[in-house]
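What follows is a short report on a single structure.
In what follows, every chain begins at residue 1, and chains take the letters A, B, ... in the order their sequences are listed.
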Amino acid sequence: METTLVKQIYRDAESFGGKEVKVSGWVRTVRDSKVFGFIELNDGSFFKNIQIVFDESLENFKEITKLSVSSSIVVEGILELTPGAKQPFEIKARKIVIEGTSTPEYPLQKKRHTLEYLRTIAHLRPRSNTFSAVFRVRSLAAYAIHKFFQERGFVYVHTPIITGSDAEGAGAMFRVTTLDLRDTPRTPEGDIDFSQDFFEKETNLTVSGQLEAETFALAFRNVYTFGPTFRAEKSNTARHAAEFWMIEPEVAFADLEDNMRLAEDMVKYIITYVMENAPEEMEFFNKFIDTGLFDRLNNIVNSDFERITYTEAVDILKKSGEKFEYPVEWGMDLQTEHERYITEKVFKKPVFVINYPKDIKAFYMRLNDDGKTVAAMDLLVPGVGEIIGGSQREERLDVLEKRMEELGLKKEDYWWYLELRKYGGTKHSGYGLGFERMIMYLTGMSNIRDVIPFPRTTGNAEF
RNA sequence: UCCAUGGUAGCUCAAUGGUGGAGCAUCCGGCUGUUAACCGGAGGGUUGGAGGUUCGAGUCCUCUCCAUGGAGCCA
């Protein structure tokens with residue numbers, strides 16, 4: 001007999017009503033009395049469970065009443081529609097085969113656990129309601145992102161995970177080496193001799209695929225990357241991880257305005273797709289994780305994102321009368337408290353802040369005509385903070401080279417990047433979306449460690 | 001890395017410097033429609049670790065580890 005997935009039954013219960021079905025899954029709970037009992041079964045295909053009714057006519061009745069939580073079973077029986085009951089339908093079991101037993105020490109109770117505790121059992125937490133929902137949404141959101149870009153003709157490019165360019169400027173990097181760290185080869189000057197390393201030069205894990213993505217944008221026009229990214233910063237916050245995933249679109253012949261339009265469309269597309277394709281999971285988040293979730297997401301989808309310049313943001317902050325821990329001054333980077341004030345208090349929706357002072361932004365961002373600011377944009381969202389950072393790239397070779405000189409960057413290290421400006425350069429733009437931050441925003445989960453299956457943060461690489 | 005808070009039973013949490021408790025989970029029993037089932041009973045502890053103060057420390061002090069919240073770095 002064919003196995004039926006619980007999701008199929010939920011999606012089309014009518015056609016299964018009164019018919020024989022076979023399901024398999026893990027026991028979430030057993031409630032039994034003298035001659036009959038109920039099992040909540042989750043088969044992994046769907047967020048919700050299916051109720052199994054069993055009675056003493058089964059030869060292994062006693063055994064079944066003693067099943068520990070998370071035992072795996074195969075059930076055959078009749079699907080009965082139960083309108084008016086708390087569950088829409090149930091399976092009256094004819095046969096239950098115990099596939100794998102569990103034990104009383106199984107760490108996931110039927111009761112609520114803290115997210116902190118669940119983190120310590122990352123190998124079991126996907127079996128809990130919350131994480132079942134989180135990782136289903138994560139999968140759908142990843143698909144939605146590919147769908148969004150593919151529908152618009154973007155080419156998906158795999159930029160390298162191991163990089164030889166150290167100066168992407170996005171933070172501390174993890175070194176990749178095969179050298180024996182207890183006995184490293186030395187140059188005559190006493191430095192470590194990387195010419196004897198695997199790649200015969202210093203290499204690190206990527207902090208961004210942007211520079212490589214630009215090369216593809218100047219060939220394929222519209223491209224995006226979607227892959228793992230590594231930052232060796234010893235961050236200790238709810239929104240930083242050492243290993244995370246990033247989406248980096250890069251578009252030729254596009255200016256900052258086009259860039260923002262793309263980002264806004266993308267964010268709205270992802271939200272709409274996930275709301276439509278994971279209604280049960282989203283309802284769960286709205287009910288148990290963040291009761292304002294639906295209001296917030298609907299508000300995003302139906303409203304235009306705000307756009308203000310950095311200079312305007314500084315003005316707003318200065319005139320706010322708010323007491324900030326860090327003073328606001330033109331030229332200083334906006335602090336988290338400032339960003340939160342703008343997106344959460346002033347506009348109460350996503351806000352693009354553009355045209356930052358050049359001195360607080362990366363070398364590749366396009367210098368504006370005022371000579372003081374660059375065509376950068378950060379998308380700030382309530383609750384999560386910065387979710388997207390991007391810019392129009394400097395396409396003028398002389399301006400770019402001058403900027404690199406100012407920052408003490410060696411042109412030789414970027415020879416191929418600079419050649420893009422030499423051979424048919426064009427204005428182009430792109431941004432980076434922190435995938436996990438998007439998931440946090442979508443689900444209301446407030447810690448990045450709870451939207452990554454096996455999170456890596458400083459001091460923690462268990463599992 | 002800095003600031004704050006916390007660490008007690010498998011889990012979630014109580015306990016004025018004076019005999020460490022409860023709910024849930026577990027085990028045993030009861031119950032013919034349960035929905036985080038219900039009712040009765042039982043077992044379960046080196047109070048994160050090391051040191052100190054005290055007649056006496058879960059409680060006070062020092063150090064340390066870990067977690068959480070906030071900050072910095074950013075996505």
Checking A:Glu306 now: which residues fulfil side-chain contact (heavy atoms from CB on, under 4.5 Å) with it, not counting sequence neighbours?
A:Ile308, A:Phe347, A:Lys349, A:Val351

For a quick check, with a 4.0 angstrom heavy-atom cut-off, what is the B/S/- contact string for nucleotides 27-34 of chain B, read 5' to 3'?
S---BSBB

Could you check A:Phe244, A:Phe435, A:Phe148 and say which one makes a ring-ring contact (aromatic ring centres under 6.0 Å, His included) with A:Phe226?
A:Phe435

Scan residues 80-110 of chain A for pairs that pass ring-ring contact (aromatic ring centres under 6.0 Å, His included), counting only residues two or more places apart or in two chains.
A:Tyr10-A:Phe89

Hits for salt bridge (charged side-chain N to carboxylate O under 4.0 Å, His left out) against A:Asp359, two or more places apart or cross-chain, chain-then-number order -> none

Run the side chain to side chain donor-acceptor pair (under 3.5 Å) test on A:Glu214 and A:Tyr417 for me, step by step, so that the C-alpha distance in whole Å, both residues' side-chain angles and the decisive distance to 0.1 Å come before the verdict.
CA-CA 8 Å; A:Glu214 282 188 48; A:Tyr417 187 71; 2.6 Å; yes

Taken to the nearest whole Å, CZ/A:Phe324 to C1'/B:G70 is 16 Å

For B:U59 and B:C27, measure between their C1' atoms and round to the nearest Å.
34 Å

Using the C1' atom as the reference point in each nucleotide, state the distance between B:G43 and B:C28 in Å, no decimals.
10 Å

What is the distance from CE of A:Met246 to C1' of B:C74, rounded to the nearest Å?
10 Å

B:G45 and B:G20, which share atom name P, separated by this distance in whole Å
14 Å

What integer number of Å spans the C1' atoms of B:C60 and B:C55?
16 Å

Is the shortest distance from a Lys or Arg side-chain nitrogen in A:Arg239 or A:Glu386 to a carboxylate oxygen in the other one below 4.0 Å?
no

B/S/- contact track for nucleotides 8-14 of chain B, protein heavy atom under 4.0 Å:
--BBS--

Nearest whole Å is fine: how far is B:A67 P from A:Asn460 CG?
7 Å

Would you tell me if any nitrogen or oxygen in the side chain of A:Asn236 comes within less than 4.0 Å of OP1 or OP2 on B:C2?
no

Sequence neighbours excluded, the answer for side-chain contact (heavy atoms from CB on, under 4.5 Å) partners of A:Gln109 is A:Lys111, A:His113

Listed pairs under 3.5 Å, donor-acceptor, residues 60-67 of chain A side chains, sequence neighbours left out:
unit_1  : atom_1 : unit_2  : atom_2 : d
A:Asn60 : ND2    : A:Ile96 : O      : 2.8
A:Thr65 : OG1    : A:Lys62 : O      : 2.6

A:Gln335 CD to B:G70 C1': how many Å, rounded?
13 Å

Rounded C1' spacing from B:C66 to B:G48 in Å:
8 Å

Using atom P of each nucleotide, how far apart are B:U34 and B:C39 to the nearest Å?
14 Å

List the atom pairs, with distances to 0.1 Å, where a side-chain N or O of residues 16-26 of chain A and a protein N or O form a donor-acceptor pair under 3.5 Å, not counting sequence neighbours.
unit_1  : atom_1 : unit_2  : atom_2 : d
A:Lys19 : NZ     : A:Ser15 : O      : 2.8
A:Glu20 : OE1    : A:Arg94 : NH1    : 2.5

Rounding to a whole Å, what distance do you find between A:Phe244:CZ and B:C73:C1'?
12 Å

Report which part of the nucleic acid A:Phe435 touches: base, sugar-phosphate, or nothing (heavy-atom distance under 4.0 Å, all strands).
nothing

Test of understanding: with salt bridge (charged side-chain N to carboxylate O under 4.0 Å, His left out), list the residues that count as partners of A:Lys7, not counting sequence neighbours.
none

Let me know the distance between CD of A:Glu462 and P of B:C66, rounded to the nearest Å.
13 Å

Which part of the nucleic acid, if any, lies within reach of A:Thr229 when heavy atoms closer than 4.0 Å are counted: base, sugar-phosphate only, or nothing?
nothing

Residues in side-chain hydrogen bond (donor to acceptor under 3.5 Å, both in side chains) contact with A:Ser57, at least two apart in sequence or another chain
A:Asp55

Which value, in whole Å, describes the distance between the P atoms of nucleotides B:U19 and B:A25?
30 Å

P-based separation of B:G44 from B:C38 [nearest Å]:
25 Å

Does A:Ser235 get its side chain close enough to the base of B:C73, under 3.5 Å, for a donor-acceptor pair?
yes

note: A:Leu108, atom CG; B:C24, atom C1'; distance rounded to Å ~ 14 Å

Sorted by position of nearest nucleotide on RNA chain B, 5' first, the leading residue of A:Arg449 and A:Asp333 is A:Arg449

Can you tell me which residue among A:Glu248, A:Glu250, A:Gln150 is in a side-chain hydrogen bond (donor to acceptor under 3.5 Å, both in side chains) with A:Tyr224?
A:Gln150

Got a sec, which residues hit side-chain hydrogen bond (donor to acceptor under 3.5 Å, both in side chains) with A:Thr237, two or more places apart in sequence or on another chain?
A:His240

Within this structure, what is the CG-to-P distance between A:Asp378 and B:C73, rounded to whole angstrom?
12 Å

Could you run through RNA chain B and flag its stems, i.e. three or more consecutive Watson-Crick or G-U pairs with both distances under 3.5 Å?
B:1-7 with B:65-71, B:10-13 with B:21-24, B:26-30 with B:38-42, B:48-52 with B:60-64

